[in-house]
Amino acid sequence: IDFALPGVLPCINEYGIELGLKAALALNCTINKKVMFDRKNYFYPDLPKGYQITQARNPIGVNGYVEIEVDGIKKKIGIHDIHIEEDTCKSTHADTKSYLDFNRNGVPLIEIVSEPDMANEKEAMVYLEKLREILLYINVSDCKMEEGSMRCDVNVSVSKTEALGTRTETKNIGSISSVGRAILVESDRQIKELEQGNRIVEETR
């Protein structure tokens, strides 16, 4: 279904489902007995048919957690859900042109959605290391961020209270150390904006 040819129907990759179950169990998730796939519509060159097949409403696993330790303090980071969806094209941008690699388009991937339980860049980096360790151990992924087999989008919000602030999402981060730097830079930017009396706009950066 790479190019959305008329009449071509998707077919579930049984091995992809098996790996999704392994990951969900390893991350202490509750397995949903009923899973469904939906079409998420968005229009961008990396998705030529205009929709992505994903488990938007009925993910394979929910309510999990990963236990981390930072500076001698143990903490549970919640996993909101694990869902399976199809990957998009790989985009490469050079000068005034963009190039699309269709080789991974339509391949199943596991997306792990974390709860907003991390208070700083240290906790986020340790959490990612722990995730990587678990997924490597159960042989679900080789977790090579430099090759794109493990990727991370970072949501950041700042607040002086327990209430969450307006978040932004930072994409295309290439390493765990870069995740830490991205959190520091974005939180610093948001603090400066708020101190100047501006408001944070929810956006992708």
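Because only heavy atoms are used, hydrogens play no part in the values below, and waters and symmetry mates are left out as well, while side chains stay in.
You'll find the side chain of V113 stays beyond 4.5 Å of the side chain of P59, heavy atoms only. Between D117 and Y127 there is no side-chain heavy-atom pair separated by less than 4.5 Å. Using a 4.5 Å cut-off on side-chain heavy atoms (C-beta onward), I176 and E129 make contact. The shortest side-chain heavy-atom distance between I112 and L135 falls under the 4.5 Å cut-off. Using a 4.5 Å heavy-atom cutoff, the side chains of K122 and V126 are not in contact. Within the 4.5 Å cutoff, no side-chain heavy atoms of N103 are placed close to those of K90.
Residues A56 and D38 share a closest heavy-atom pair of N-OD2, 3.2 Å.
Applying side-chain contact (heavy atoms from CB on, under 4.5 Å) to I79 and the options D81, I82, I77 leaves one that passes, I82. E186 pairs in a side chain to side chain donor-acceptor pair (under 3.5 Å) with only one of the listed residues (T168, N155, T170), which is T168.
Looking only at distances, a side-chain donor or acceptor of E86 sits under 3.5 Å from a matching main-chain atom of I53. The backbone N or O of I60 lies less than 3.5 Å from a partner atom in the side chain of Q55, making a donor-acceptor pair. Judged by distance alone, the side chain of R104 and the main-chain N or O of T88 form a donor-acceptor pair under 3.5 Å. When atom types are taken as modelled, the side chain of N32 and the backbone of K34 share no donor-acceptor pair closer than 3.5 angstrom.
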Indicate every side-chain donor-acceptor pair of residues 16-30 with a distance under 3.5 Å to a residue at least two apart or in another chain.
{"residue": "K22", "atom": "NZ", "partner": "I138", "partner atom": "O", "Å": "2.8"}
{"residue": "N28", "atom": "ND2", "partner": "Y65", "partner atom": "O", "Å": "3.0"}

Less than 3.5 Å apart, which donor and acceptor atoms pair up between the side chains of residues 144-151 and the rest of the protein, not counting sequence neighbours?
{"residue": "S149", "atom": "OG", "partner": "D142", "partner atom": "OD1", "Å": "2.5"}
{"residue": "S149", "atom": "OG", "partner": "K144", "partner atom": "N", "Å": "2.8"}
{"residue": "S149", "atom": "OG", "partner": "K144", "partner atom": "O", "Å": "3.2"}
{"residue": "R151", "atom": "NH1", "partner": "G148", "partner atom": "O", "Å": "2.8"}
{"residue": "R151", "atom": "NH2", "partner": "D87", "partner atom": "OD1", "Å": "2.8"}
{"residue": "R151", "atom": "NH2", "partner": "D87", "partner atom": "OD2", "Å": "3.3"}

